[in-house]
Amino acid sequence: MRNDKILREKFIKYYSPIFEEELIKQILEIGNFDKIKAGELLVDIGDDLTHIPLIFEGAVKVIRQAKEGGELALYYLKPGDTCAISFINCIETKKSVFEALIESDLEAVFVPVDKIDEWLVKYKSWRRYIIDSYHFRLMGMLESIDDLAFKGLHERLIKYLVEKANRSNKKTIQITHQEIANDLNTSRVVITRIMKQLQDEGKIISTRNKIKVLRLD
DNA sequence: ACATTAAGTGATT
DNA sequence: AATCACTTAATGT
């Protein structure tokens, strides 16, 4: 539509080692290249999914929402990822059962549904990519279930902070206790208390809207 | 200066 | 580990 040149170059750089040339050409021709700002809602529950994103910058948080208020961060999409869950949604023309929020400024190419299906037959690298994506998403969710079932909040919080810091490659993350509580499906007070404990142990420095992760990874 | 939002805390379940 | 009820601190207008 407009000046996508930089995005296209970035896409090529990231995906040409994975996809065969012909497929790259196809995506360049058909895909919608887009940038989306952090904080925006990419997919809401009930949305029709017409495209899947191939990400090459930023991160997306996929959230499960309970009917009555509760929510839980399930997994995160990073550069190189796509969400094959949305792919099956597309094929079945069902509505999304998850919410997807842009965690950090996103750059991705959006591929329409019908092409996904077509390429599965046509390109080996695409098949590999989609199948792997399924696998990774499943493992991501399994990990979330394990954490929820077998780990205490203390441990879950540490992991949350470390992973969040790693995703952005920064030691200092910008977030409130309330937001963390939402992602972990607990209350703010509990997060505040554990946070204080971690601070006393010298593992983090917590100030308003900011947490500096010191020695955890 | 005042209002709003984030974080800290004791007591109770 | 959750909830309540309140306090204190930081920030925006």
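Convention: sequence-line order gives letters A, B, ...; per-chain numbering from 1. Hydrogens, waters and symmetry mates play no part in the numbers below; they use all other heavy atoms, side chains included.
For A:His177, the listed nucleotide lying nearest its side chain is B:dG8; candidates were C:dA2, B:dG8, B:dA6. Ranking B:dA6, B:dT9, C:dA2 by closeness to the A:Thr176 side chain, first place goes to B:dA6. Comparing C:dA2, B:dA7, C:dC4 by their nearest atom to the side chain of A:Val189 picks out C:dC4.
Look at CG on A:Asn185: it is 10 Å from P on C:dT3, rounded to the nearest Å. For the pair A:Met195 CE and B:dA7 P, the computed distance is 8 Å after rounding to whole Å. If you take CD1 of A:Ile191 and P of C:dA2, they are 9 Å apart, rounded to a whole angstrom. Whole-Å rounding puts the A:Arg193 CZ to C:dT7 P distance at 16 Å. The distance from atom CG of A:Leu184 to atom P of C:dA2 is 10 Å, rounded to the nearest whole Å. Whole-Å rounding puts the A:Asn209 CG to B:dT4 P distance at 18 Å. Taking atom CD1 of A:Ile205 as the reference point, atom C1' of B:dA7 lies 17 Å away to the nearest angstrom. The CD1 atom of A:Ile211 sits 11 Å away from the C1' atom of B:dA7 (whole-angstrom rounding).
The side chain of A:Lys196 places an N or O atom within less than 4.0 Å of a non-bridging phosphate oxygen (OP1 or OP2) of B:dT9. A close approach under 4.0 Å does occur between a side-chain nitrogen or oxygen of A:Thr186 and OP1 or OP2 of C:dA2.
Ring orientation note: the planes of A:Tyr15 and A:Phe19 are close to parallel, at an angle under 30° on the 30°/60° scale. Below 30°, between 30° and 60°, or above 60°: for A:Tyr75 and A:Phe98 the angle between ring planes is above 60°, a perpendicular geometry.
Among the heavy atoms of the strands lying under 4.0 Å from A:Ser187 is at least one base atom, whether or not backbone atoms are also near. At a threshold of 4.0 angstrom between heavy atoms, the contacts of A:Ser206 with the nucleic acid are absent.
Residues A:Lys159 and A:Lys151 have side chains in contact (heavy-atom distance under 4.5 Å, counting atoms from C-beta outward).
Checked by distance alone, A:Arg208 brings a side-chain donor or acceptor within 3.5 Å of a matching partner on the base of B:dT5.
The closest side-chain donor-acceptor pair between A:Ser125 and A:Glu20 falls under 3.5 angstrom.
In the hydrophobic clustering (ILVMFWY side chains linked at under 4.5 Å, chained through shared members), A:Val189 stands by itself.
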